[in-house]
Amino acid sequence: MRNFYEIESKLFINISNYMKDWESYLGIFDSNNTEKKATTQRIASHVQTLWNQFNQDRTKLDKHYMNTGDGFQAYIASFLLPNVERVFSTLVRDENIFAIESLFLTAKEEIVITDFGCGPLSGTIGILSVFEYLFSKNNNLVLPKRIHVNAIDRSGKIVEFGKKMLTKSLFENINISVEQLTSPEKVTKNSDIILGINVFNEIPMKHRGKTLNSLYAKLNNGGLLLIMEPGQEEHAKSLGTLRNEFISANKDGQIISPCAHKKSCPLSSETTRKDWCWFRHSWNTPKAISLIDKFSKLDHHELNFSYLFVQKNSVQSAETFFARCISDEFPIEIKAKSPQIEYFKNNLVSGEKEEFLKMVEFEGGLNKILLCTKEGELESAFVIADPTQKPYRRGRRVKLDSELYMRAKERN
């Protein structure tokens, strides 16, 4: 499934209606579905300003931007649906589905979702879209009698907007309640799902671990935790550090994805590596976002993010695999007896030196993929450049070490 809004929803939320309400709020189309260019340009201008403040210089970000009509609308226009899509596209991957399905194997009175730093409930909409997808694919799942959402955010305005959008689009046969809370300490119901979408980067580093652990303490056995952060170096590395602190304090947390291991993250902010662990997802942007992008000069087609998906005392172990690709396949510059080639030759962990040197001499070129292995080590895998073969992409799982047998230890 490429786009969350393409799901034929029947049980939880009428996604088609939700999309229409979102478009109506933006007001960039008239009654004949013709673009109102001036309105689009105005929104695009505020979107561009907000994006620059978020992604280039956060010291200039007005912490009260949600209190202004233009700032609020710019956020809804540019951040709401992409965040929904990030959650949806990540959780419907084959490696993650089994964990979510485990919540619906038996009859339950209630499923509790805690959406921390919820904003307009983008995480909640994302997970409800996942529910729609799963129930459409698996007739053996059991519908819960009701769903309760702990919507944790200090801004009552943004939560109320999100709650109104959600409530208007609910199907009649489902009972979903939303309770706004201003802090995790006010959560009274243990959760089945905890979402933290683009929120931990806004918390001082020294408080992140304590906040996460307090949320996790109220997660039911078999419950799920999803943290997503922007796919930028600072935030991805900080998530690696938070992950390290979390797994050290919570031995019952089973990492479903993206990690192949529970050892220390080799790309956290505690390391000196210049690489960072992030992923991408391409989708078909809704028409309104595409029009706004045209004037804002932004591009929402490719969504970048970093994430951590965990199950507490998981009912089924995650599928084991050898390594995760944390880079795309890319060509490396080859010079005879260069320090880089000499290092790789002398630090092979799989494959023979003679064969590696033959690969180096191949006239078509040599490509490299950076791997994070099940041992928590960084390795470089090498393949002959072949334009007829589908290249390895960031995020791909390598199930067996023999799949990429020519590998060298990476410098830490």
Side-chain angles (χ1 to χ4, degrees), residues 1-44 46-47 50 66 69-89 91-92 113 115 118-136 147 149 151 157-178 195 197 281-296 298-301 303:
M1 178 62 68
R2 187 175 175 84
N3 310 297
F4 84 92
Y5 59 80
E6 292 178 337
I7 302 170
E8 187 179 351
S9 51
K10 297 179 179 179
L11 297 174
F12 300 93
I13 177 174
N14 189 322
I15 296 173
S16 177
N17 284 355
Y18 185 86
M19 294 293 293
K20 290 176 183 177
D21 287 342
W22 172 79
E23 260 190 14
S24 177
Y25 167 75
L26 296 184
I28 66 175
F29 299 111
D30 62 21
S31 57
N32 296 318
N33 203 33
T34 302
E35 179 193 1
K36 295 157 66 174
K37 187 174 180 179
T39 301
T40 307
Q41 289 176 317
R42 177 183 58 79
I43 294 176
H46 293 291
V47 164
L50 192 58
M66 287 287 192
D70 290 331
F72 189 95
Q73 190 177 43
Y75 185 89
I76 298 301
S78 189
F79 289 87
L80 172 55
L81 297 191
N83 283 338
V84 174
E85 181 66 18
R86 286 184 178 95
V87 172
F88 174 78
S89 63
L91 294 184
V92 296
I113 300 168
D115 195 342
C118 63
L121 298 176
S122 51
T124 296
I125 301 301
I127 198 70
L128 291 177
S129 300
V130 173
F131 292 172
E132 289 284 1
Y133 176 81
L134 293 184
F135 275 81
S136 72
I147 295 175
V149 180
K157 179 181 178 181
I158 193 70
V159 176
E160 189 58 34
F161 175 89
K163 180 179 178 180
K164 183 178 178 181
M165 287 273 291
L166 169 62
T167 303
K168 287 174 63 179
S169 299
L170 292 178
F171 287 108
E172 293 182 358
N173 62 329
I174 189 69
N175 179 2
I176 299 182
S177 58
V178 178
L195 305 169
I197 312 303
H281 167 69
S282 297
W283 67 319
N284 295 322
T285 53
K287 182 180 178 181
I289 291 182
S290 297
L291 290 172
I292 293 171
D293 281 353
K294 183 174 68 174
F295 294 108
S296 67
L298 299 173
D299 184 0
H300 283 84
H301 173 66
L303 304 176

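FYI, the numbering just counts along the sequence from 1.
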Could you report the tightest heavy-atom contact between Y75 and N83, atom names first, then the distance? OH-ND2, 4.1 Å
Any idea which heavy atoms bring L298 and V47 closest together, and the distance? CD1-CG1, 3.7 Å
Sub-4.5 Å side-chain heavy-atom contact between I174 and F131: no
Only counting residues at least two apart or in another chain, list the ones meeting side-chain contact (heavy atoms from CB on, under 4.5 Å) with A288. W22, E23, L26, I28, F29
Report the residues that fulfil side chain to side chain donor-acceptor pair (under 3.5 Å) with S290, sequence neighbours left out, ordered by chain and then residue number. T285
Set of side chain to side chain donor-acceptor pair (under 3.5 Å) partners for T40, sequence neighbours left out: E35
Do other residues, nucleotides or ligands put more than 12 heavy atoms under 6.0 Å from the NZ atom of K157? yes
Are the side chain of E132 and the backbone of I13 linked by a donor-acceptor contact shorter than 3.5 Å? yes
Considering all heavy atoms, the nearest L50-F79 contact: CD2-CE1, 3.8 Å
Using modelled atom types and a 3.5 Å cut-off, is there a donor and acceptor pairing between side-chain atoms of D115 and backbone atoms of T124? yes
Looking at residues at least two apart in the chain, or sitting in another chain, which of them share a side chain to side chain donor-acceptor pair (under 3.5 Å) with H300? S78, D293
State, to 0.1 Å, how close P120 and L80 come at their nearest heavy-atom pair, and which atoms those are. CG-CD1, 3.7 Å
Contact between N17 and K168 at the side-chain level, heavy atoms closer than 4.5 Å - yes or no? no
Any side-chain to backbone donor/acceptor pair from N32 onto T34? Under 3.5 Å, distance only. no
Hey, are D21 and K164 close enough for a salt bridge, meaning a charged N less than 4.0 Å from a carboxylate O? no
Pairwise distance CE(M165) to CG(L170) - rounded to 0.5 angstrom: 12.0 Å
Which residues share a side-chain contact (heavy atoms from CB on, under 4.5 Å) with S136, sequence neighbours left out: none
Name all residues meeting the side-chain contact (heavy atoms from CB on, under 4.5 Å) criterion together with N284; count only those two or more places apart in sequence or in a different chain, and write none if there are none. R2, N3, Y5, E6
Nearest 0.5 angstrom please: E85 CD to S282 OG, how far? 10.0 Å
Would you find a donor on one side and an acceptor on the other, under 3.5 Å apart, between the side chain of S89 and the backbone of R86? yes
Exercise: identify the closest heavy-atom pair between F295 and A44: CB-CB, 3.5 Å
Between CZ of F161 and CG of L166, what distance do you get to the nearest 0.5 Å? 11.5 Å
About how many Å separate CG of L128 and CG of L121, when rounded to the nearest 0.5 Å? 9.5 Å
Which value, rounded to the nearest 0.5 Å, describes the distance between K294 atom NZ and I289 atom CD1? 15.0 Å
Positive for side-chain contact (heavy atoms from CB on, under 4.5 Å) with I127, one of I147, V84, L91: L91
Give me the atom names and distance for the closest heavy-atom approach of F72 to I158. CE1-CD1, 3.4 Å
